[in-house]
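Below: one structure, written as structure tokens.
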There are 2 protein chains.
Amino acid sequence: MFKALADEGRRQLLDALRERNGQSLQELCELLPDLTRQGVTKHLRILEDANLVVTVKRGRHKLHYLNPVPINEIAERWLSNYERDKLRALSALKAALEES
Amino acid sequence: MFKALADEGRRQLLDALRERNGQSLQELCELLPDLTRQGVTKHLRILEDANLVVTVKRGRHKLHYLNPVPINEIAERWLSNYERDKLRALSALKAALEES
DNA sequence: ACAATAGGCAACTAAAAGGTTGCCTGTCAA
DNA sequence: TTGACAGGCAACCTTTTAGTTGCCTATTGT
């Protein structure tokens, strides 16, 4: 999941779906002109495995939808832990720097 | 930055520093017993490059401090974009699934 | 002073990620 | 019904990343 987010191209794909949900592979390929169709497919596959994107086959098109649930979980579970300790960490950092 | 977070070992290091800030390399090595000292060093280097960890040399020890600022930025800038669209994406997803 | 401790640097290896090409399958429209 | 379009699959190559080993430097305690 963090790994899926660790690639700029994949983040761009997510951004594209955020702008317009339900795009086909073709459409998404136009957004990453430096990659071949298969390259984009692989990235979408990773996003799908990470459950960040959900697909629906409609005829000969495969539509891609953003799944907001897991990214929400990350925000709540992992990042909030660090939010909670933000001020404490900052003051410890400051103290350590001043002491030297 | 996302890349730095994309490794379980590095996340463990961050967690360790969150529990107790200002640990030395030695101490952090004990937390990842499967890795050699140099392995841990490399991970810490990556966290440092991503500005997630700040270090202070004190005598022959190098103390590692969690830097809460960038992780906070990620939470605010990137994730909040997706938070904002959470409900919209969910309903689009639902509609697409029902239509098929 | 010097042995032990804490860490840094560089070269090397192994594994994983990113990307491509070639070909195959299914669907639609004329 | 057949040609064009949308996509899938598998093999392959290249680059990056993760990890190791070996050796070097600096600090500290006795």
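These numbers come from a predicted model, not from an experiment. We name chains A, B, ... by the order of the sequence lines, and we start the count at 1 in each one.
Residue pairs satisfying the side-chain hydrogen bond (donor to acceptor under 3.5 Å, both in side chains) criterion with at least one member in residues 71-81 of chain B, sequence neighbours excluded, are listed as follows: B/Asn81-B/Arg84. Evaluation of the ring-ring contact (aromatic ring centres under 6.0 Å, His included) test over residues 55-76 of chain A, restricted to residues two or more places apart or in two chains, returns none. Applying the salt bridge (Lys or Arg N to Asp or Glu O under 4.0 Å) test to residues at least two apart or on different chains, the pairs with a partner in residues 13-23 of chain B are A/Asp85-B/Arg18, B/Asp15-B/Arg18, B/Arg20-B/Glu27.
A distance of 11.0 Å separates CG in B/Leu52 from CG in B/Leu13, rounded to the nearest 0.5 Å. With rounding to the nearest 0.5 Å, the separation of CG in B/Leu93 from CG in A/Leu66 is 8.5 Å. Interatomic distance, A/Leu25 CG to A/Thr55 OG1, rounded to the nearest 0.5 Å: 11.0 Å.
Among residues two or more places apart in sequence or in another chain, the salt bridge (charged side-chain N to carboxylate O under 4.0 Å, His left out) test is passed with B/Lys3 by none. When the salt bridge (charged side-chain N to carboxylate O under 4.0 Å, His left out) test is applied to A/Lys94, no partner is found at least two apart in sequence or on another chain. Residues satisfying the side chain to side chain donor-acceptor pair (under 3.5 Å) test with A/Arg11, not counting sequence neighbours, are A/Glu8.
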Name each donor-acceptor pair under 3.5 Å that joins a side chain in residues 32-44 of chain A to protein atoms two or more places apart or in another chain, with its distance.
from    : atom 1 : to      : atom 2 : distance (Å)
A/Thr36 : OG1    : A/Gly39 : N      : 3.3
A/Thr41 : OG1    : A/Arg37 : O      : 3.0
A/His43 : ND1    : A/Arg10 : NH1    : 3.1

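For DNA chain C, the outermost nucleotides in 5' to 3' order that have an atom under 4.0 Å from a heavy atom of chain A are C/dA17 to C/dC28.
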So if I define the base as every atom that isn't primed, P, OP1 or OP2, how would nucleotides 25-30 of chain D read as a B/S/- string at a heavy-atom cutoff under 4.0 Å?
--BS--
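Summary for the helix from C/dA1-D/dT30 to C/dA30-D/dT1: the axes at its two ends, each from 5 pairs, differ by 30° when rounded to the nearest 10 degrees.
When side chains are defined from C-beta on, B/Leu28 counts as touching B/Leu17, because their heavy atoms get closer than 4.5 Å. Taking the side chain as every heavy atom from C-beta outward, A/Leu14 and A/Val53 approach each other to under 4.5 Å.
DNA chain D is contacted by B/Asp34, B/Leu35, B/Thr36, B/Gln38, B/Gly39, B/Lys42, B/His43, B/Ile46 of residues 33-53 of chain B, taking any non-hydrogen atom closer than 4.0 Å. Across residues 4-32 of chain B, B/Ser24, B/Leu25, B/Gln26 each have a non-hydrogen atom less than 4.0 Å from an atom of DNA chain C (numbered order).
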